[in-house]
Every structure is written in structure tokens, then in C-alpha cells.
K.L.:
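My questions will all concern the structure given below.
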Amino acid sequence: MSELLGPILLFAVFIIFFIVLPQQKKNKQEKAFDKALKKGDKVITKSGLHGKVLELNDTTFVLETGAGKMKFERSAISIEMSSKLNAPVVKK
């Protein structure tokens, strides 16, 4: 039994450092992004739709696009793509 304890502990440490901790970090970033979201922000949905936030509710938001206004779930916002869209441009 003690021969198995080492690999089991090693596997547990691997799971914690490479799966659990990165997921917690991502969840924290998503919550911070969601709190900072406000009317007028430009966002991209996970389906690739670009637009400007017109209304924010607890679970939904209204997005103004070239085609008109659309209502989405807040979880439909792509945090990675929206962050890149709103990132300041760095000049060389």
C-alpha cells in the first residue's frame, strides 16, 4: 500500500496545480470582468458577434450591432476576445 502512496500524492499535486488552481484564477478574472462591464462597452460574444452594450441586467444584456438590438445572456460574452478589443494600443 505504501508503494502506491507516492504516485497517488504526486497525481493529486498535479491535479491541484495544473487543473484546480488555473480554473480558480480564470473564474476570478471572469467575475472581475463581469463587475467592470458597463453601458457603452464594446464586446464580442462567444459566437463572434461584435457590438456595444446598451443595457445590463442581472443575467442578460442588450447588444447594439449593425443589424439592430439583440438580447443575450451575460455568459455569452467572450472575455478573452472582448479584453483584446478594449485593450489600449501600444505604440512602438
Side-chain angles (χ1 to χ4, degrees):
M1 183 71 179
S2 64
E3 297 125 12
L4 293 176
L5 192 58
I8 290 174
L9 286 175
L10 187 63
F11 183 69
V13 168
F14 174 81
I15 294 290
I16 290 170
F17 279 104
F18 292 102
I19 296 176
V20 174
L21 292 178
Q23 185 63 39
Q24 287 179 344
K25 182 180 176 184
K26 185 177 179 181
N27 288 344
K28 187 183 279 188
Q29 288 172 337
E30 288 176 357
K31 284 181 182 179
F33 179 84
D34 195 41
K35 275 187 166 185
L37 195 61
K38 61 189 179 306
K39 292 179 184 180
D41 284 351
K42 292 181 180 178
V43 296
I44 303 173
T45 65
K46 291 180 181 176
S47 61
L49 191 65
H50 293 240
K52 185 168 77 170
V53 176
L54 293 180
E55 291 179 33
L56 284 169
N57 299 317
D58 291 339
T59 59
T60 61
F61 69 100
V62 176
L63 190 67
E64 180 181 38
T65 66
K69 298 177 185 177
M70 296 182 201
K71 190 173 190 177
F72 288 94
E73 293 293 319
R74 283 180 89 138
S75 61
I77 298 173
S78 172
I79 294 168
E80 293 84 14
M81 289 189 282
S82 295
S83 297
K84 290 178 186 175
L85 176 71
N86 292 318
V89 178
V90 178
K91 294 183 180 182
K92 294 182 179 180

K.L.:
Which pairs count as ring pair (Phe, Tyr, Trp, His ring centres under 6.0 Å) when at least one residue sits in residues 48-80, sequence neighbours excluded?
P.N.:
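Found F61-F72.
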K.L.:
Among the clusters formed by ILVMFWY side chains lying less than 4.5 Å apart, do I16 and F14 turn up in the same one?
P.N.:
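Yes.
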K.L.:
With sequence neighbours left out, what residues match F17 under ring pair (Phe, Tyr, Trp, His ring centres under 6.0 Å)?
P.N.:
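With neighbours one apart ignored, the set is empty.
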K.L.:
Do I79 and Q29 come close enough that some side-chain heavy atom pair is under 4.5 Å?
P.N.:
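Not touching, per the 4.5 Å side-chain cut-off.
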K.L.:
State the CD1-OG distance between I44 and S83, to the nearest 0.5 angstrom.
P.N.:
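The distance works out to 9.5 Å.
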K.L.:
Do F18 and L10 belong to the same hydrophobic cluster, where Ile, Leu, Val, Met, Phe, Trp and Tyr are linked whenever their side-chain heavy atoms lie under 4.5 Å apart, directly or via other members?
P.N.:
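Not linked; separate clusters.
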K.L.:
Are M70 and L54 connected, step by step, through hydrophobic side chains (Ile, Leu, Val, Met, Phe, Trp, Tyr) whose heavy atoms are closer than 4.5 Å?
P.N.:
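Looking at the clustering, L54 is in a separate group from M70.
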K.L.:
Less than 4.5 Å apart, side chain to side chain, heavy atoms only: is that true for L85 and V43?
P.N.:
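No. Closest side-chain heavy atoms not under 4.5 Å.
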K.L.:
What is the distance from atom CD of E64 to atom NZ of K42, rounded to the nearest 0.5 Å?
P.N.:
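So the CD of E64 and the NZ of K42 are separated by 11.0 Å.
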K.L.:
Quick check for you: to the nearest 0.5 Å, what is the distance between K38 atom NZ and L56 atom CG?
P.N.:
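Rounded to the nearest 0.5 Å, the NZ-CG separation comes out at 10.0 Å.
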K.L.:
So if you build clusters from Ile, Leu, Val, Met, Phe, Trp, Tyr with side-chain heavy-atom gaps below 4.5 Å, do F33 and V53 land together?
P.N.:
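Yes, F33 and V53 fall within the same hydrophobic cluster.
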K.L.:
At what distance, to the nearest 0.5 angstrom, does CD1 of I15 lie from CG of L21?
P.N.:
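So the gap between those two atoms works out to 11.5 Å.
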K.L.:
Return the CG to CG distance between D41 and L63, rounded to the nearest 0.5 Å.
P.N.:
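Rounded to the nearest 0.5 Å, the CG-CG separation comes to 11.0 Å.
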K.L.:
Would you compute the distance between atom CE of M81 and atom NZ of K84 and round it to the nearest 0.5 angstrom?
P.N.:
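With rounding to 0.5 Å, CE (M81) is 8.5 Å from NZ (K84).
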K.L.:
With F11, which residues qualify under ring pair (Phe, Tyr, Trp, His ring centres under 6.0 Å), at least two apart?
P.N.:
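Per chain and number, F11 pairs via ring pair (Phe, Tyr, Trp, His ring centres under 6.0 Å) with no residue.
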K.L.:
Is a side-chain donor or acceptor of K46 paired with a backbone partner of S75 at a separation under 3.5 angstrom?
P.N.:
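Side chain of K46 to backbone of S75: a pair is present.
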K.L.:
Per the side chain to side chain donor-acceptor pair (under 3.5 Å) rule, which among D34, D58, N57, T59 passes with R74?
P.N.:
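Going through the options one by one, the only one that passes is D34.
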